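Single-structure report; data block below.
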Amino acid sequence: MTSIFSADGRNVACTLIEAGPCVVTQVKNVETDGYNAVQLAYGERKEKNTPKPLIGHFKKAGTTPKQKVVEFRDFRVEFEGQVDMGKTVISDQIFVEGDFVDAIGTSKGKGFQGVVKRHGFGGVGGATHGQHNRQRHPGSIGACSWPSRVFKGMRMAGRTGGNRVKVLNLRVLKIYPEKNLLLVSGSIPGAKNSFVILEK
Amino acid sequence: MSELLKFVEEDYKDARSKFPAFKAGDTVNVHVKITEGTKERIQQFQGTVIQRKNVNTNGETFTVRKVSNGIGVERIIPIISPSLEKIEVLREGKVRRARLFYLRGRQGKSAKIKEKIRLKK
């Protein structure tokens with residue numbers, strides 16, 4: 001992440017995303033697949049680390065093996081006819097400065113966490129009135145003789161993070177077409193150098 | 001910092017390097033643009049630099065402290081801010097730390113910083 005000053009003098013925190021070059025590896029349509037979609041692949045990987053079926057798949061599109069393959073379903077009409085097998089899609093063909101995009105990624109794993117961090121519980125409130133060992137505890141998890149059990153879905157401690165997260169409406173502040181870079185406002189899910197899906 | 005981030009921040013290099021070199025302990029006079037309604041004017045803020053943070057990145061800021069009518073006032077200024085007009089270095093200070101937070105608890109003579117004497121070549 002970095003920060004730049006916008007035209008109206010505000011200091012905007014922003015994230016740098018390398019968006020492409022992506023290669024079209026498959027085009028699905030209603031006749032053969034039942035729905036419209038385009039499949040994009042990104043990132044290089046060695047042939048010896050690629051499963052044989054995938055090597056064949058990439059060969060069909062006429063490209064080298066790629067790391068990530070993502071399908072975009074029911075894409076907008078304006079892109080129709082622009083996508084052909086093996087064509088390289090570059091970021092500045094799709095995104096324009098000032099666009100709003102959504103970013104989908106996997107959030108950072110936090111391990112086993114308590115209810116305060118995981119669900120935003122307030123904890124027990126104070127440290128006095130006899131409280132000495134339960135400042136960050138969940139409190140009551142239900143009534144007693146009825147229902148004599150804990151309801152399903154009761155929010156408790158457990159594995160936190162590592163989920164698929166979508167962040168909506170990030171503004172594209174700047175595009176660097178020579179390096180396929182996008183500068184978007186705000187933060188996106190995941191660690192540095194992790195993969196995200198951008199939707200417009 | 002990653003290579004790609006460096007590539008992006010390269011564009012703002014001029015904005016960062018157009019000011020004279022200054023360090024913590026120096027006395028500076030900062031000219032900052034202020035908009036009041038539609039009018040724009042320049043305000044000066046003179047004091048001691050007590051820290052420079054995140055140097056050589058877009059996020060670089062510096063803190064200027066002065067004592068105004070007996071009350072300590074600090075101002076944090078981003079160095080790539082478009083409202084930052086000019087920095088004048090009035091006096092170089094001789095200090096042994098990069099962050100001069102010890103000045104906050106002091107007043108009078110103990111809050112004084114010695115001037116760095118530079119020998120002429």
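Chain identifiers are assigned alphabetically (A, B, ...) following the order of the sequence lines, protein sequences preceding nucleic acid strands; residue numbering begins at 1 within each chain. Because the structure is a prediction, the values reported are computed rather than measured.
In A/Arg159, the CZ atom is not crowded: 12 or fewer heavy atoms of neighbouring residues, nucleotides or ligands sit closer than 6.0 Å. Residue B/Arg41 qualifies as enclosed at atom CZ: its count of foreign heavy atoms under 6.0 Å is above 12. By the 6.0 Å contact criterion, CZ on B/Arg97 is open, its count of non-hydrogen atoms from other residues, nucleotides or ligands being 12 or less. For A/Arg134, the CZ atom is densely surrounded, since the number of other residues' heavy atoms within 6.0 Å is greater than 12. Heavy-atom contacts from other residues, nucleotides or ligands closer than 6.0 Å to CG of A/Asp8 number more than 12. Dense packing is recorded around CD1 of B/Ile34, with more than 12 heavy atoms of other residues, nucleotides or ligands lying under 6.0 Å away. The local environment of CG in B/Asn69 is sparse, with at most 12 non-hydrogen atoms from other residues, nucleotides or ligands closer than 6.0 Å.
If you measure heavy-atom distances from B/Asn54 to chain A, you find no contacts under 4.5 Å at all. Only the side chain of A/Lys174 comes within contact range of chain B, with at least one heavy atom under 4.5 Å from a heavy atom of that chain.
Aromatic rings of A/Tyr176 and B/Phe7 (six-membered ring for Trp) have centroids within the 6.0 Å cut-off, being under it.
Nearest heavy atom pair, residue B/Leu5 against residue A/Met1, reads CD1-O, 3.8 Å. Scanning both residues, A/Gly9 and B/Pro82, for their nearest heavy atoms gives CA-CG, 4.4 Å.
Atom NZ of B/Lys6 is separated from atom CG of A/Leu16 by 13.5 Å, given to the nearest 0.5 angstrom. The structure places CD1 of B/Ile80 at 6.0 Å from CG of A/Asn11, a figure rounded to the nearest 0.5 Å.
With B/Asn58 contributing its side chain and A/Ser3 its backbone, the two residues share a donor-acceptor pair below 3.5 Å.
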Would you sort out whether B/Thr57 and A/Thr2 count as a side-chain contact (heavy atoms from CB on, under 4.5 Å), showing the intermediate values?
CA-CA 8 Å; B/Thr57 65; A/Thr2 177; over 6 Å; no

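Side-chain contact check for B/Val8 versus A/Leu183: some heavy-atom pair is nearer than 4.5 Å.
Residues A/Val23 and A/Val69 do not share a hydrophobic cluster, clusters being chains of Ile/Leu/Val/Met/Phe/Trp/Tyr side chains in contact below 4.5 Å.
Per-residue counts of heavy-atom pairs under 4.5 Å with chain A were compared for B/Ala15, B/Ser83, B/Ser81, B/Gly59; the largest is that of B/Ser81.
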